[in-house]
Amino acid sequence: MSESLEQNTKELIEKNYGFLFEPELLEEIEKHGEIKSFSTGEIFIDLGQKITHMPLLLTGSVKVMREDPKGQELLLYFLERGDTCTMSLSCCMGNKVSDIRAIAEENTELVMIPVEKMDEWLRQYRSWRNYIFDSYQVRLNELMETLDSIAFMKMDERLKKYLNDRVKLLGSTTISATHQQIATDMNTSRVVVSRLLKQLEKKGEIKLGRNKIEVLDF
DNA sequence: ACATTAAGTGATT
DNA sequence: AATCACTTAATGT
């Protein structure tokens, strides 16, 4: 039984990271990594929590957000399979406390790597170094995108982007969320979201239902 | 049937 | 675009 689980683990890691890392590194990941799974809505990294492991996503997706001192939430970016949380990276290098919150968007599996391995692997494996640097770059770009979405885009454009992002991420045109949840993600008010969604529905771009939105046009 | 939660809307700032 | 106040609709008990 544990045999088949390990087999499964190995396959999962190889499927998602096999093309990135050399075999020796993959073996190390299998050896030291701990597989965890979370169901939709579970928070697995929270503000003020010490980071002891860094996550590598295998399946599912994750929402990463920040909270300002007033308790106002702000969505930073989404993670999908093959991604790692760059924010926790910087946290564990400095042995600091997390300043972000990570929530499972859907049922998600990931490998937790102990921080001690980070240093070692950075020195030892070129592919790991590249992966980390690439992650930084990808994340930085995404952050820039959300930044100028907030700074320069109007609400209706932001909402469209939000919907498209989630459709792409979930691989489904049906999003299940309340208007309130969406509003919180974009830190605006529910009323605004409801009105904009209604407009989009009138234009035939989406179809609304209770707790769900179907994206028709994109 | 009643309470609760989600969504829609006009008016105001 | 945000907030208020209120209505209507869908769901759970």
Side-chain angles (χ1 to χ4, degrees), chain A residues 36-49 55 57 59-81 83 85-88 90 97-110 138-218:
Chain A
K36 288 265 168 104
S37 54
F38 298 92
S39 42
T40 312
E42 262 193 272
I43 300 174
F44 62 92
I45 296 177
D46 207 346
L47 287 87
Q49 195 177 305
L57 277 249
T59 60
S61 53
V62 170
K63 190 160 83 174
V64 178
M65 38 210 319
R66 216 184 126 67
E67 193 171 289
D68 79 3
K70 279 139 209 128
Q72 210 27 263
E73 284 188 334
L74 176 66
L75 175 70
L76 290 181
Y77 49 76
F78 289 107
L79 298 175
E80 48 195 329
R81 67 195 199 91
D83 287 342
C85 180
T86 312
M87 291 307 266
S88 58
S90 51
V97 140
S98 171
D99 43 12
I100 52 104
R101 167 181 293 158
I103 307 174
E105 262 285 290
E106 16 177 355
N107 293 341
T108 296
E109 288 179 290
L110 33 81
V138 169
R139 229 78 273 165
L140 195 60
N141 278 338
E142 254 195 38
L143 270 167
M144 302 273 251
E145 234 181 82
T146 33
L147 181 62
D148 62 38
S149 137
I150 291 168
F152 306 124
M153 285 164 72
K154 289 182 196 145
M155 252 314 169
D156 56 342
E157 290 172 310
R158 282 182 60 195
L159 185 59
K160 272 198 198 179
K161 180 179 186 316
Y162 175 89
L163 293 176
N164 281 339
D165 284 354
R166 282 192 70 162
V167 163
K168 258 184 251 155
L169 198 75
L170 294 168
S172 149
T173 53
T174 311
I175 298 165
S176 39
T178 66
H179 297 180
Q180 182 58 66
Q181 291 170 326
I182 297 173
T184 314
D185 278 350
M186 315 207 321
N187 75 342
T188 176
S189 67
R190 191 225 94 214
V191 202
V192 171
V193 171
S194 290
R195 289 199 163 118
L196 291 173
L197 284 173
K198 202 79 221 167
Q199 273 174 227
L200 288 176
E201 189 181 38
K202 273 184 197 147
K203 284 198 270 173
E205 297 183 31
I206 60 174
K207 195 166 175 294
L208 295 174
R210 192 186 168 89
N211 283 328
K212 71 173 187 176
I213 299 158
E214 222 182 302
V215 180
L216 307 168
D217 245 29
F218 65 102

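These numbers were taken from a predicted model, which means no experiment stands behind them. Throughout, protein chains are lettered first and strands after them, A, B, ... in sequence-line order, and every chain is numbered starting at 1.
Straight-line distance from the CD1 atom of A/Ile175 to the P atom of B/dA7: 13 Å, rounded to whole Å. Between the CD atom of A/Gln180 and the C1' atom of B/dA7 there is a distance of 11 Å, rounded to whole Å. When rounded to the nearest whole Å, the span between CD1 of A/Ile206 and P of B/dA7 equals 12 Å. The nearest whole Å value for the distance from the NZ atom in A/Lys212 to the P atom in B/dA7 is 12 Å. Between the P atom of C/dA2 and the CG atom of A/Asp156 lies a distance of 12 Å, rounded to the nearest Å.
For A/Lys154, the side-chain contact (heavy atoms from CB on, under 4.5 Å) partners at least two apart in sequence or on another chain are A/Asp156, A/Glu157. By the side-chain hydrogen bond (donor to acceptor under 3.5 Å, both in side chains) test, A/Lys198 pairs with A/Glu201, sequence neighbours left out. A/Phe44 meets the ring-ring contact (aromatic ring centres under 6.0 Å, His included) test with A/Phe38; sequence neighbours excluded. The side-chain hydrogen bond (donor to acceptor under 3.5 Å, both in side chains) check on A/Asn211 picks up nothing, with sequence neighbours excluded. Under the rule for a side-chain hydrogen bond (donor to acceptor under 3.5 Å, both in side chains), the partners of A/Arg190 that lie at least two apart in sequence or sit in another chain are A/Ser194. Partners of A/Thr174 under the side-chain hydrogen bond (donor to acceptor under 3.5 Å, both in side chains) rule, at least two apart in sequence or in another chain, do not exist in this structure.
Between C/dA2, B/dA6, C/dA1, one nucleotide has an atom nearer to the side chain of A/Thr188 than all others, and that is C/dA2.
Between A/Leu200 and A/Leu163 the shortest side-chain heavy-atom distance falls below 4.5 Å.
If you check every strand for non-hydrogen atoms under 4.0 Å, A/Ser189 touches a base.
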| said: Using a 4.0 Å heavy-atom cut-off to protein, can you give one letter per nucleotide of nucleotides 8-13 of chain B, 5' to 3': B if the base is in contact, S if only the sugar-phosphate is, - if neither? | reply: BBBB--
| remark: Each nucleotide of nucleotides 7-13 of chain C classed B (base within 4.0 Å of a protein heavy atom), S (only sugar-phosphate) or -, in 5' to 3' order, makes --BBS--
Show which side-chain atoms of residues 97-105 of chain A pair as donor or acceptor with protein atoms under 3.5 Å away, not counting sequence neighbours.
unit_1: A/Ser98; atom_1: OG; unit_2: A/Ile100; atom_2: N; d: 3.1
unit_1: A/Ser98; atom_1: OG; unit_2: A/Ile100; atom_2: O; d: 2.8
unit_1: A/Arg101; atom_1: NE; unit_2: A/Asp46; atom_2: OD1; d: 2.8
unit_1: A/Arg101; atom_1: NH1; unit_2: A/Glu67; atom_2: OE1; d: 3.3
unit_1: A/Arg101; atom_1: NH1; unit_2: A/Glu73; atom_2: OE2; d: 2.7
unit_1: A/Arg101; atom_1: NH2; unit_2: A/Asp46; atom_2: OD1; d: 3.2
unit_1: A/Glu105; atom_1: OE1; unit_2: A/Arg166; atom_2: NH2; d: 3.2

